[in-house]
Amino acid sequence: TRSLRAQGLATALLMDVISGYPYGTAQAEADLSELSTSYGAEARVAALRIEVSEKVLAALSPEVQEMFDKLLAAQTTGRR
């Protein structure tokens with residue numbers, strides 16, 4: 001039996017490409033681990049990598065939405 005682990009990190013950056021000004025960032029992490037038999041462990045590690053990628057991207061989406069909401073609120077408030 002082997003312990004398998006896959007970690008994922010996703011980061012998003014909204015930046016003005018002309019001035020280089022960073023308007024906001026978002027980040028998400030995911031961690032998956034499981035026990036597996038030694039036989040077929042390499043294929044299971046590959047599958048875990050795919051699973052953790054999907055999980056971290058799903059976790060990043062609401063973070064990006066929150067970043068945009070905050071930017072929109074700041075822009076709206078700044079105009080008043």
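Note that the structure is predicted; figures quoted are calculated from it, not measured.
Taking the side chain to side chain contact (heavy atoms under 4.5 Å, CB included) definition, one finds that Gln27 meets it with Leu9, Thr11, Glu29, sequence neighbours left out. In terms of the side chain to side chain contact (heavy atoms under 4.5 Å, CB included) criterion, residue partners of Arg5 (sequence neighbours excluded) are, by chain and number, Gln7, Asp31, Ser33. Under the side chain to side chain contact (heavy atoms under 4.5 Å, CB included) criterion, Ile18 pairs with Asp16, sequence neighbours left out.
Side-chain heavy-atom separations under 4.5 angstrom define the hydrophobic clusters, and the remaining members of the one that includes Val45 are Leu4, Leu32, Leu48, Val52. The hydrophobic cluster around Tyr23 extends to Leu14, Tyr21, Leu60, Val64, Met67, Phe68, Leu71, counting ILVMFWY residues whose side-chain heavy atoms fall within less than 4.5 Å of a member.
Among residue pairs with one or both ends in residues 40-49, those qualifying as salt bridge (charged side-chain N to carboxylate O under 4.0 Å, His left out) are Arg2-Glu42, Glu34-Arg44, Arg44-Glu51; sequence neighbours excluded.
Of all non-hydrogen atoms in Ala10 and Val56, the two that sit nearest each other are N-CG2, 3.7 Å.
Separating the OG1 atom in Thr77 from the NZ atom in Lys70 is a distance of 13.5 Å, to the nearest 0.5 Å.
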